[in-house]
2 protein chains.
Amino acid sequence: MSEQSGSPQRLRVVVADDQATVREPLATVLGLSEDIDVVAAAADGSEVLAAAAAGPVDVVLMDLRMPVLDGIEATRRLGEEHPEVAVVVLTTFADDDSVLGALGAGARGYLTKNAGRRDIVRAIRAAAAGQSVLDHEVQDRLLATVRTQAPGPAQPLPGDLTPREREVLTLIGQGLPNRSIAEQLFISEATVKTHINNLFAKAGIRDRAEAVRRAIETGLA
Amino acid sequence: MSEQSGSPQRLRVVVADDQATVREPLATVLGLSEDIDVVAAAADGSEVLAAAAAGPVDVVLMDLRMPVLDGIEATRRLGEEHPEVAVVVLTTFADDDSVLGALGAGARGYLTKNAGRRDIVRAIRAAAAGQSVLDHEVQDRLLATVRTQAPGPAQPLPGDLTPREREVLTLIGQGLPNRSIAEQLFISEATVKTHINNLFAKAGIRDRAEAVRRAIETGLA
DNA sequence: CCCCGGTTCCACCCGTGGGTCCAGGCGCTT
DNA sequence: AAGCGCCTGGACCCACGGGTGGAACCGGGG
């Protein structure tokens with residue numbers, strides 16, 4: 001994106017893992033790649049931040065389970081203090097909390113530990129180039145999360161809802177009773193009920209409960 | 001994951017784009033990589049399916065906007081008929097519908113057309129290895145979708161809810177009125193109201209509407 | 001043994017919600 | 001000017017929801 005790929009400078013990489021039996025061989029084997037320079041090895045998140053502060057770093061290969069400062073929090077702070085540093089997560093766990101937490105904190109890659117050396121190197125290069133590489137299992141999980149929560153426009157909510165009706169529906173979705181809705185819109189409660197009856201008829205909504213569901217699903221609330 | 005990476009066979013790639021001015025140079029330049037074999041060039045989705053049926057294909061580099069059969073639908077059918085084929089999307093557009101549609105259809109990569117040759121080659125290799133490469137803009141969009149819809153355990157729901165109360169809350173979250181809940185649990189409506197009053201007090205819920213929200217947020221419904 | 005928590009139910013009250021019908025004002029196009 | 005759609009309101013009705021108090025049964029633990 002912004003790299004001149006003609007002469008690929010060696011990538012400065014930090015390896016972070018609390019277990020020396022993982023960290024040291026990993027650092028060694030990565031250094032074998034001619035375009036990768038392992039400039040530091042960190043045993044916890046704070047050591048990662050120290051390494052980033054000490055010298056220029058392109059990519060951090062980050063474990064999540066670390067003492068003192070875990071990988072997610074370290075990723076988050078790295079994004080604040082050194083936004084130019086790309087983070088690739090390498091961990092044994094791929095549960096929803098870990099995946100969403102790490103990616104939400106700004107990680108640009110997520111590999112599980114059954115990834116091979118070639119996979120890891122590829123992810124590092126991709127991260128440095130502004131791409132992100134995900135383990136396919138991680139991608140599936142991410143997509144599953146998206147889809148279970150957004151089953152597409154299930155009931156796309158008829159487009160002929162008037163702006164006012166949409167506004168009322170939004171407030172219903174936030175759990176407000178009619179009186180509060182009336183106050184917030186500076187109209188009478190009777191008018192609110194009128195809008196509600198109209199939009200219920202249009203959208204085929206029976207219940208206030210169903211209205212809440214639809215408002216949430218369609219992103220109104 | 002299931003590849004022997006020791007002797008990397010040449011990857012059989014299909015390039016699909018309706019514009020010949022994009023498709024042809026792309027095919028040519030990809031063929032320059034020593035581990036990539038462009039075995040077919042397709043101008044629409046049906047040609048992709050035909051190529052996959054004709055001979056073994058490892059990766060399809062797919063545009064989304066194509067006549068006859070668009071890229072998303074082609075990806076979906078490819079997943080049904082030839083699940084071993086990995087799809088990498090390469091398109092100018094990165095709107096939510098396209099991204100979620102393509103990835104939901106089974107795409108294992110998503111690049112925008114400002115990606116360079118190295119980026120594309122890397123994505124193809126990653127896809128063949130079971131990883132997925134996303135443009136960082138695409139990843140951001142995907143994450144934004146996840147996070148707006150999953151604000152985490154906002155109000156974790158007190159753990160001292162009895163099983164029966166949790167059961168009732170679940171049904172409330174599905175939008176059922178008390179009578180239906182009573183029928184479904186083989187108890188009287190009075191009992192349902194008792195459970196509701198108890199669990200409302202415990203969880204600090206005022207409304208049925210709020211109950212619906214909490215049930216959805218906590219994954220009960 | 002008796003008490004306690006969960007579950008089941010009753011009766012009563014009243015506020016809100018959901019539905020219907022109607023009507024005036026306002027801005028738009030025909 | 002007439003018509004239409006939207007927003008605004010009022011009136012009325014009845015069902016459902018939410019809250020209270022009381023009661024009975026059952027199981028397990030002090």
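Below, chains carry the letters A, B, ... as their sequence lines are ordered, and counting in each starts from 1. Worth saying up front: this structure is predicted, and the values here are computed from it rather than measured.
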[atom1] of [X] versus [atom2] of [N]: gap in Å, rounded?
X	N	atom1	atom2	result
B:E183	C:dC9	CD	P	13 Å
A:I172	C:dT16	CD1	C1'	13 Å
A:L199	D:dC7	CG	C1'	14 Å
B:H195	C:dG6	NE2	P	11 Å
A:L185	D:dG9	CG	P	10 Å
A:R164	C:dG27	CZ	P	15 Å
A:L169	C:dG18	CG	P	12 Å
B:F186	C:dT8	CZ	P	12 Å

Mind checking whether [X] and [Y] have side chains closer than 4.5 Å, heavy atoms only?
X	Y	value
A:H195	A:I181	no
A:V14	A:V85	no
A:Q131	B:L111	yes

* Asked: B:T162 side chain: which of C:dT7, D:dC7, D:dG9 is closest?
  ->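 Of all the options, the side chain of B:T162 is nearest to C:dT7.
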* To do: Pick base, sugar-phosphate or nothing for A:S188, based on heavy-atom distances below 4.0 Å to the nucleic acid.
  =>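 Sugar-phosphate, no base atom in range.
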* Structure fact -> Contact string for nucleotides 13-19 of chain D, one letter per nucleotide 5' to 3', B = base within protein heavy-atom range under 4.0 Å, S = sugar-phosphate only, - = neither, reads ---SBBB
* To do: Could you tell me whether B:K193 and B:E189 have a side-chain N and a carboxylate O separated by less than 4.0 Å?
  =>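 No salt bridge links B:K193 with B:E189.
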* To do: Determine, for B:E80 against B:R77, whether the closest basic-nitrogen to carboxylate-oxygen distance falls under 4.0 angstrom.
  =>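 No, this pair does not count.
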* N or O in side chain of A:T191 less than 4.0 angstrom from D:dG9 OP1/OP2 ->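 Result: yes.
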* Hey, are A:T191 and A:T194 close enough side-chain-wise for a donor-acceptor pair under 3.5 Å? ->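 Not at all, the side chains of A:T194 and A:T191 share no donor-acceptor pair under 3.5 Å.
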* Write down the atom of A:A41, the atom of A:R23, and the distance for their closest heavy-atom approach. =>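 Looks like CB-CD, 3.8 Å.
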